[in-house]
K.L.:
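Pasting in a structure now, in structure tokens, and then I'll have a few things to ask.
As a basis for the values below, the full set of heavy atoms in this structure was taken, side chains included, without hydrogen atoms, waters or symmetry mates.
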Number of protein chains: 2
Amino acid sequence: MAAREKTTQIRQHIIEATDDLLYRKGFNLMSFSDIANTANVPRGNLYYYFKTKNEVLDAVIKHRLIRTSQMLQDWDRMLPDPLERLKRFARIPVNEMQNIIQYGCPMGSLNTELGKVQYDLKQLSQQQFDVFRSWLVRQFTQWLPHANADALAIHLLVRTQGIATMAHVYEDPQLIEREVTSIDHWLESLADAS
Amino acid sequence: MAAREKTTQIRQHIIEATDDLLYRKGFNLMSFSDIANTANVPRGNLYYYFKTKNEVLDAVIKHRLIRTSQMLQDWDRMLPDPLERLKRFARIPVNEMQNIIQYGCPMGSLNTELGKVQYDLKQLSQQQFDVFRSWLVRQFTQWLPHANADALAIHLLVRTQGIATMAHVYEDPQLIEREVTSIDHWLESLADAS
DNA sequence: GTCTATATGAAGATAGAC
DNA sequence: GTCTATCTTCATATAGAC
């Protein structure tokens with residue numbers, strides 16, 4: 001294997017290990033040493049791949065953007081009906097139940113943390129939401145051409161973020177089940193109304 | 001003024017200054033020096049009033065609990081109708097618009113931050129939610145005796161938390177207006193259904 | 001490319017002079 | 001009660017030997 005290729009591979013390995021660490025610890029409590037330990041890379045060596053902690057964050061978010069886009073493309077392929085796709089989105093908190101209860105939403109918690117003081121970094125975390133938002137808008141537009149697709153997309157994001165926050169507060173799986181079911185009913189009521 | 005009394009007064013002043021600082025910076029990025037500067041107390045002196053940073057947090061949360069309880073008591077006195085009280089609650093994001101957009105919800109963002117690693121401190125922040133939750137349950141019980149008051153209370157908390165998170169992500173005042181109006185409609189639909 | 005040693009600064013916290 | 005000096009720890013980051 002070429003040396004260049006190996007560097008890229010290790011870099012990728014660090015990014016994936018940090019992705020999880022970032023979620024579990026948050027950005028400010030995640031130290032450079034933590035990253036090195038988690039990725040099994042000698043601490044000093046890490047600086048060869050990333051010069052600053054912000055640079056790691058940047059790489060992790062870009063990685064998340066790609067992963068999310070791929071997931072949504074898969075859904076587009078697997079699910080022909082926009083309503084089914086939207087329901088699939090709403091079920092994320094159910095599928096990620098244990099993580100949500102322990103750590104909240106990976107996107108929401110990061111944005112909330114960075115948004116207070118690190119305004120420059122917050123803009124990065126906002127991009128994560130943009131991917132979902134524009135995908136949701138496309139689904140609503142396709143499904144209900146005369147509705148305000150962006151308002152509906154934001155409403156879905158509001159409710160899923162609220163679920164993540166409150167499920168984390170009370171560590172309550174049933175809260176997630178109940179609220180996701182309620183979203184399903186809301187989506188079906190939109191179908192009936194049109 | 002007695003010395004004892006003065007101590008209490010300065011302590012209270014520190015707590016109130018820290019309350020705001022905690023909201024704007026978050027717990028982990030708020031240093032002991034920050035607290036001292038914001039409260040205009042010499043840094044070394046601060047340790048006379050609070051031995052650790054966690055102790056300050058504890059005092060600030062207790063202070064918030066009292067303030068919230070008083071506010072809810074005021075609402076109980078001012079607004080005779082439970083529905084009006086619930087609408088008043090739902091309007092908090094509108095009244096606190098500028099703060100929410102810049103810093104998110106003071107309760108939600110604190111819980112999200114502490115919940116990841118500082119599990120012991122998270123329990124403190126959970127208490128803030130308990131005050132609202134039990135008050136909301138009382139309002140729903142009084143208004144709709146045969147409904148699942150706790151599920152309705154949680155639903156309201158979910159939606160207000162979601163609003164705060166997403167309004168902070170996109171720094172969007174209109175999002176708040178729209179979503180709060182939507183909550184109002186939901187509350188009115190509950191009245192019609194019963 | 002890999003790793004060690006270390007510079008530098010800021011944090012939380014304490015001791016003790018006044 | 002008030003304030004200064006300082007201890008310790010841990011963070012980011014760099015220089016440079018191998």
Side-chain angles (χ1 to χ4, degrees), chain A residues 1-19 21-22 24-61 110 113-114 116-122 124, chain B residues 1-19 21-22 24-61 110 113-114 116-122 124:
Chain A
M1 178 169 16
R4 178 89 174 275
E5 211 174 313
K6 195 181 165 195
T7 296
T8 311
Q9 206 181 321
I10 295 178
R11 232 185 102 98
Q12 191 59 23
H13 169 69
I14 294 168
I15 289 170
E16 275 161 36
T18 307
D19 189 358
L21 183 67
L22 175 67
R24 293 195 325 264
K25 282 204 138 185
F27 182 69
N28 292 314
L29 289 186
M30 171 188 81
S31 72
F32 233 74
S33 305
D34 289 333
I35 299 173
N37 292 338
T38 305
N40 264 314
V41 171
R43 186 188 140 66
N45 205 349
L46 196 59
Y47 280 94
Y48 174 71
Y49 298 99
F50 297 98
K51 275 189 278 297
T52 68
K53 200 171 128 183
N54 289 8
E55 235 175 66
V56 187
L57 179 70
D58 192 81
V60 169
I61 303 235
L110 182 62
E113 183 183 13
L114 299 177
K116 286 188 185 277
V117 179
Q118 293 121 309
Y119 192 79
D120 49 333
L121 300 178
K122 186 203 157 190
L124 277 175
Chain B
M1 177 170 16
R4 178 91 173 273
E5 211 173 314
K6 195 182 167 194
T7 296
T8 312
Q9 206 181 322
I10 294 179
R11 232 185 100 98
Q12 191 61 22
H13 169 69
I14 294 168
I15 290 170
E16 275 161 36
T18 307
D19 189 358
L21 183 67
L22 175 68
R24 292 194 327 264
K25 283 204 137 186
F27 183 68
N28 293 314
L29 289 186
M30 171 188 81
S31 72
F32 233 74
S33 303
D34 288 334
I35 299 173
N37 290 339
T38 305
N40 264 314
V41 172
R43 185 187 140 69
N45 203 348
L46 196 58
Y47 281 95
Y48 174 73
Y49 298 98
F50 298 97
K51 276 188 279 295
T52 67
K53 199 172 129 182
N54 288 7
E55 233 174 68
V56 187
L57 179 69
D58 192 81
V60 169
I61 302 234
L110 183 62
E113 183 183 11
L114 299 177
K116 285 186 185 278
V117 180
Q118 294 121 309
Y119 193 80
D120 49 332
L121 299 178
K122 185 204 158 189
L124 276 175

K.L.:
Compute the bend angle of the helix from C:dG1-D:dC18 to C:dC18-D:dG1 from the end axes (five pairs per end), rounded to 10°.
P.N.:
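Answer rounded to 10°: the end axes differ by 10°.
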K.L.:
With sequence neighbours left out, what residues match A:Ala17 under side-chain contact (heavy atoms from CB on, under 4.5 Å)?
P.N.:
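With neighbours one apart ignored, the set is A:Thr38, A:Ala39.
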K.L.:
Check the distance between D:dG1's C1' and B:Leu46's CG and give it to me in whole angstrom.
P.N.:
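Going from CG in B:Leu46 over to C1' in D:dG1 covers 14 Å.
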K.L.:
State which residues pass side-chain hydrogen bond (donor to acceptor under 3.5 Å, both in side chains) with A:Lys53; sequence neighbours excluded, sorted by chain then number.
P.N.:
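A:Lys53: no side-chain hydrogen bond (donor to acceptor under 3.5 Å, both in side chains) contacts found.
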K.L.:
Would you say B:Asn28 and B:Val117 make side-chain contact, with heavy atoms under 4.5 Å?
P.N.:
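Of all side-chain heavy-atom pairs linking B:Val117 with B:Asn28, none is under 4.5 Å.
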K.L.:
Could you work out, with ring pair (Phe, Tyr, Trp, His ring centres under 6.0 Å) as the rule, every residue matching B:Phe32, not counting sequence neighbours?
P.N.:
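With neighbours one apart ignored, the set is B:Tyr47.
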K.L.:
Listing time: all N or O pairs from protein to nucleotides 16-18 of chain C that are below 3.5 Å?
P.N.:
none

K.L.:
For B:Tyr48 and D:dG1, is the shortest distance between a side-chain N/O and OP1 or OP2 below 4.0 Å?
P.N.:
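So the side-chain polar atoms of B:Tyr48 do come within 4.0 Å of the phosphate oxygens OP1 or OP2 of D:dG1, strictly under.
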K.L.:
Can you pull the salt bridge (charged side-chain N to carboxylate O under 4.0 Å, His left out) pairs that have at least one residue in residues 24-51 of chain A, sequence neighbours excluded?
P.N.:
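Non-adjacent pairs meeting salt bridge (charged side-chain N to carboxylate O under 4.0 Å, His left out): A:Asp20-A:Arg24, A:Lys25-A:Asp34.
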K.L.:
Shorter than 3.5 Å, N or O on both sides, protein versus nucleotides 12-15 of chain D: list them out with atom names.
P.N.:
from   : atom 1 : to      : atom 2 : distance (Å)
D:dT12 : OP1    : A:Phe32 : N      : 2.9
D:dT12 : OP2    : A:Phe32 : N      : 3.0
D:dT12 : O4     : A:Arg43 : NH2    : 3.4
D:dA13 : OP2    : A:Lys53 : N      : 3.4
D:dA13 : N7     : A:Arg43 : NH2    : 3.2
D:dA13 : N7     : A:Tyr47 : OH     : 2.8
D:dA13 : N6     : A:Arg43 : NH2    : 3.1

K.L.:
Among all residues two or more places apart in sequence or in another chain, which pass the side-chain hydrogen bond (donor to acceptor under 3.5 Å, both in side chains) test with B:Glu55?
P.N.:
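By the side-chain hydrogen bond (donor to acceptor under 3.5 Å, both in side chains) rule, B:Glu55 matches no residue at all.
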K.L.:
List in chain and number order the residues that pass side-chain hydrogen bond (donor to acceptor under 3.5 Å, both in side chains) with A:Asp19, two or more places apart in sequence or in another chain; answer none if no residue qualifies.
P.N.:
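A:Asp19: side-chain hydrogen bond (donor to acceptor under 3.5 Å, both in side chains) contacts with A:Arg64.
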K.L.:
Considering residues at least two apart in sequence or located in another chain, which fulfil the salt bridge (Lys or Arg N to Asp or Glu O under 4.0 Å) criterion with A:Lys122?
P.N.:
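A:Lys122 satisfies salt bridge (Lys or Arg N to Asp or Glu O under 4.0 Å) with B:Glu171 only.
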K.L.:
How is B:Tyr49 classified with respect to the nucleic acid when contacts are heavy atoms under 4.0 Å: base, sugar-phosphate, or nothing?
P.N.:
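Contact class for B:Tyr49: sugar-phosphate only.
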K.L.:
I need the A:Ile10 CD1 to A:Asn40 CG distance, nearest 0.5 Å.
P.N.:
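Rounded to the nearest 0.5 Å, the CD1-CG separation comes out at 11.5 Å.
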K.L.:
Please list, chain by chain and in numerical order, all residues satisfying side-chain hydrogen bond (donor to acceptor under 3.5 Å, both in side chains) with A:Asp58, sequence neighbours excluded.
P.N.:
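Once residues adjacent in sequence are excluded, the partners of A:Asp58 under the side-chain hydrogen bond (donor to acceptor under 3.5 Å, both in side chains) criterion are A:Lys62.
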K.L.:
Report the nucleotide, chosen from C:dT2, D:dC3, C:dC3, that has the shortest atom-to-atom distance to any side-chain atom of A:Pro42.
P.N.:
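The closest nucleotide is C:dC3.
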K.L.:
Please list, chain by chain and in numerical order, all residues satisfying ring pair (Phe, Tyr, Trp, His ring centres under 6.0 Å) with A:Tyr48, sequence neighbours excluded.
P.N.:
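Testing A:Tyr48 for ring pair (Phe, Tyr, Trp, His ring centres under 6.0 Å), a comparison that skips the adjacent residues, returns none.
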K.L.:
Tell me: CG of B:Asn45 to C1' of D:dA5, nearest whole Å?
P.N.:
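Distance, rounded to whole Å: 15 Å.
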